[in-house]
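I have placed the structure first, in the form of structure tokens, so that the comments after it can refer back to it.
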Number of protein chains: 2
Amino acid sequence: MRILLIEDDPALGEAVRDHLAGLAHAVDWQTRLAEAEVALRAVPYDLVLLDLGLPDGDGLAFLKRLRARGDATPVLVLTARDRVSERIAGLEAGADDYLVKPFDLGELAARVAAVARRYAGDPNPLLEIGPLLIDRARRIVIRDGVPVPLSAREWALLEALALRPGAIVAKERLEELLYPMGEEIASNAIEVAVSRLRKKLSAHIIETVRGLGYRLARR
Amino acid sequence: MRILLIEDDPALGEAVRDHLAGLAHAVDWQTRLAEAEVALRAVPYDLVLLDLGLPDGDGLAFLKRLRARGDATPVLVLTARDRVSERIAGLEAGADDYLVKPFDLGELAARVAAVARRYAGDPNPLLEIGPLLIDRARRIVIRDGVPVPLSAREWALLEALALRPGAIVAKERLEELLYPMGEEIASNAIEVAVSRLRKKLSAHIIETVRGLGYRLARR
DNA sequence: CGCCGGCTGACACGGAGCTGACGGCGGTGG
DNA sequence: CCACCGCCGTCAGCTCCGTGTCAGCCGGCG
């Protein structure tokens, strides 16, 4: 990803730049808002890392200007400020995420990756399967217009089946997906989970393929 | 503009009210701080004209309280005092501007117009969620028409959830948002905060997503 | 008719979440 | 300087939800 880092602290800036560069990101580093603004207009960055409290201006105002002119580039705010309202103000001003200093470089990388993932594909893939509307981001499934609350296990199961609608998913495969190794299950937990899920969704949505596994009806 | 005038001198109050009303402003006139405070919580004023030295309390303290609870409504202070330090104190307490009595009504109108201009392009976004009306600028939440006073923590929590209504906010994320990092909390403070907030708002507004976090119902 | 794979109601347990009570702390008023 | 009050973190005890287990059932097939 092409990343614009706006940070006036030399040590921190260098550390961040080097760390992200090591992760195969292209990092441009600016220390002043004015220059950052110019760069931002010239280059289509995938992500902006914005330090609040730069000496030459108000970072929040900068962010608001950015959004006001319709720039939707993801912005990750770095801030040393610890006042509650200011952190939230950052998000309100249009930041996508934030990190409170001092932060772990690993955590920074994780957030960067998360932003990258979020903006990689379609922003919010809604799956439509028969009478179901599956919103993976909000973790919500809607049946015939009515939101259906699902428990963690039920959601995991539905997601596993919805990965490839119409494809048969073996029961052991489901076990692997729902029970991350270690704690194996000694009974028909999967069948019970399917039963419970069927009760919440329309029963015919989940098809049983005897001896093989389960399948999500595609229509 | 909707203006709250807080002034105990009948002659002056009437003159100011009539003059501003003649300029197509909607003026509410209160003579006591206590009543003004009530009005301020109930109505989204665009401007407050505050006379210092009212008989029933300290105007500066009133202003400080206003700001302390995050209310950002512009305040124009009217004062007979002409000592520089006191004017500074007014600005420090959070006043946007001041006028020293006696003042010219034309000058008052000019200052009011200036405030109007400054805040023109920024309409106050009211967030409506079920029976709630959330006014972020004034840090006020109104339930069924009745203003509900929230403490700092409660407000921060509500704000964090209201950032993206309907989205799940993880409990750890709430911790990050509400507590200056480093000092982690060693208990169920978040749950307690949610509980307290629920007691003030309608309980069903805040939804629990087991194992994940909380979410603000969108309807 | 017996077996097998799958279904589901009932149950029990663990743990997540809720809340009343308490106390410390800071601010306010006398 | 003291008394009071509101805020809020902590704790303890409780409730309730989610989920694995099990048993009994059904239907299909040889």
Side-chain angles (χ1 to χ4, degrees), chain A residues 83-85 139 148-158 160-161 168-172 174-175 177-180 182-215, chain B residues 33-34 37 56-70 93 139 148-158 160-161 168-172 174-175 177-180 182-215:
Chain A
R83 281 193 45 216
V84 172
S85 57
R139 218 189 173 86
V148 181
L150 293 187
S151 76
R153 190 105 307 152
E154 288 157 358
W155 181 261
L157 175 59
L158 178 61
L161 292 173
I168 297 173
V169 185
K171 216 182 285 184
E172 321 94 51
L174 288 176
E175 274 184 31
L177 288 171
L178 301 203
Y179 304 88
E183 292 314 308
E184 294 308 317
I185 49 174
S187 80
N188 62 344
I190 298 288
E191 290 167 22
V192 175
V194 169
S195 172
R196 284 173 179 150
L197 187 53
R198 275 176 174 151
K199 209 182 295 179
K200 287 195 179 181
L201 314 177
S202 301
H204 66 278
I205 295 281
I206 303 176
E207 242 174 82
T208 303
V209 185
R210 267 187 100 92
L212 288 178
Y214 297 93
R215 152 170 60 185
Chain B
L33 291 179
E37 192 137 8
D56 76 320
D58 180 0
L60 278 187
F62 171 85
L63 178 52
K64 276 182 190 162
R65 276 203 304 281
L66 195 73
R67 296 305 185 215
R69 65 169 190 260
R139 276 195 128 85
V148 181
L150 294 187
S151 75
R153 200 66 354 126
E154 288 158 357
W155 178 260
L157 176 59
L158 178 61
L161 292 173
I168 298 172
V169 186
K171 216 182 284 187
E172 326 102 41
L174 289 175
E175 274 183 31
L177 284 168
L178 301 202
Y179 299 90
E183 290 320 305
E184 295 309 316
I185 48 175
S187 82
N188 61 346
I190 297 287
E191 290 166 24
V192 175
V194 168
S195 175
R196 285 173 177 149
L197 186 53
R198 275 178 175 150
K199 212 180 294 180
K200 289 194 180 183
L201 315 176
S202 301
H204 66 277
I205 295 282
I206 302 175
E207 215 177 295
T208 303
V209 184
R210 259 198 169 231
L212 288 177
Y214 297 92
R215 148 168 58 192

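First the proteins, then the strands, lettered A, B, ... as listed; each starts at 1.
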*Residue pairs, two or more places apart or on separate chains, that pass salt bridge (Lys or Arg N to Asp or Glu O under 4.0 Å) and touch residues 189-198 of chain B*: Lys171(B)-Glu191(B)

_Measure CG/Leu201(B) against P/dC18(C) and give the value in whole Å, please._
14 Å

Between the protein and nucleotides 1-6 of chain C, list every N/O to N/O distance that falls short of 3.5 Å.
unit_1, atom_1, unit_2, atom_2, d
dG6(C), OP1, Gly211(A), N, 3.1
dG6(C), OP2, Lys171(A), NZ, 2.9

*State the CG-CZ distance between Leu212(A) and Arg210(A), to the nearest 0.5 angstrom.*
11.0 Å

*asked:* Need one value for Val194(B): base, sugar-phosphate or nothing, where a base atom within 4.0 Å counts as base even if backbone is also close, heavy atoms only.
replied: nothing

*asked:* Measure NZ/Lys199(B) against P/dG17(C) and give the value in whole Å, please.
replied: 19 Å

Protein and nucleotides 23-27 of chain C: nitrogen or oxygen contacts under 3.5 angstrom:
none

*Leu158(B) versus Leu201(B): any side-chain heavy-atom pair under 4.5 Å?*
yes

_By side chain to side chain contact (heavy atoms under 4.5 Å, CB included) - contacts of Arg215(A) (at least two apart)_ = Ile168(A), Glu207(A), Val209(A)

_Residues forming a salt bridge (Lys or Arg N to Asp or Glu O under 4.0 Å) with Lys200(A), sequence neighbours excluded_ = Glu154(A)

_Could you tell me if the side chain of Val148(A) sits less than 4.5 Å from the side chain of Leu150(A), heavy atoms only?_
yes

*Could you state the atom-to-atom distance from CG of Asn188(B) to P of dA21(C) in whole Å?*
16 Å

_Atom-pair distance (CD on Glu207(B); P on dG17(C)), nearest Å_ = 14 Å

Between the protein and nucleotides 6-8 of chain D, list every N/O to N/O distance that falls short of 3.5 Å.
unit_1, atom_1, unit_2, atom_2, d
dC8(D), OP1, Arg153(B), N, 3.3
dC8(D), OP2, Ser151(B), OG, 2.2

*asked:* If we check side chain to side chain contact (heavy atoms under 4.5 Å, CB included) with Tyr214(B), which of these qualifies: Val169(B), Leu157(B), Thr208(B), Leu197(B)?
replied: Thr208(B)

*dT19(D) C1' sits how many Å from Ile190(A) CD1, rounded?*
12 Å

*asked:* I need the CG-C1' distance between Leu197(A) and dT19(D), as an integer number of Å.
replied: 14 Å

_I need the CG-P distance between Leu174(A) and dG20(D), as an integer number of Å._
13 Å

*What is the distance from atom CZ of Arg153(A) to atom CD1 of Ile190(A), rounded to the nearest 0.5 Å?*
8.0 Å

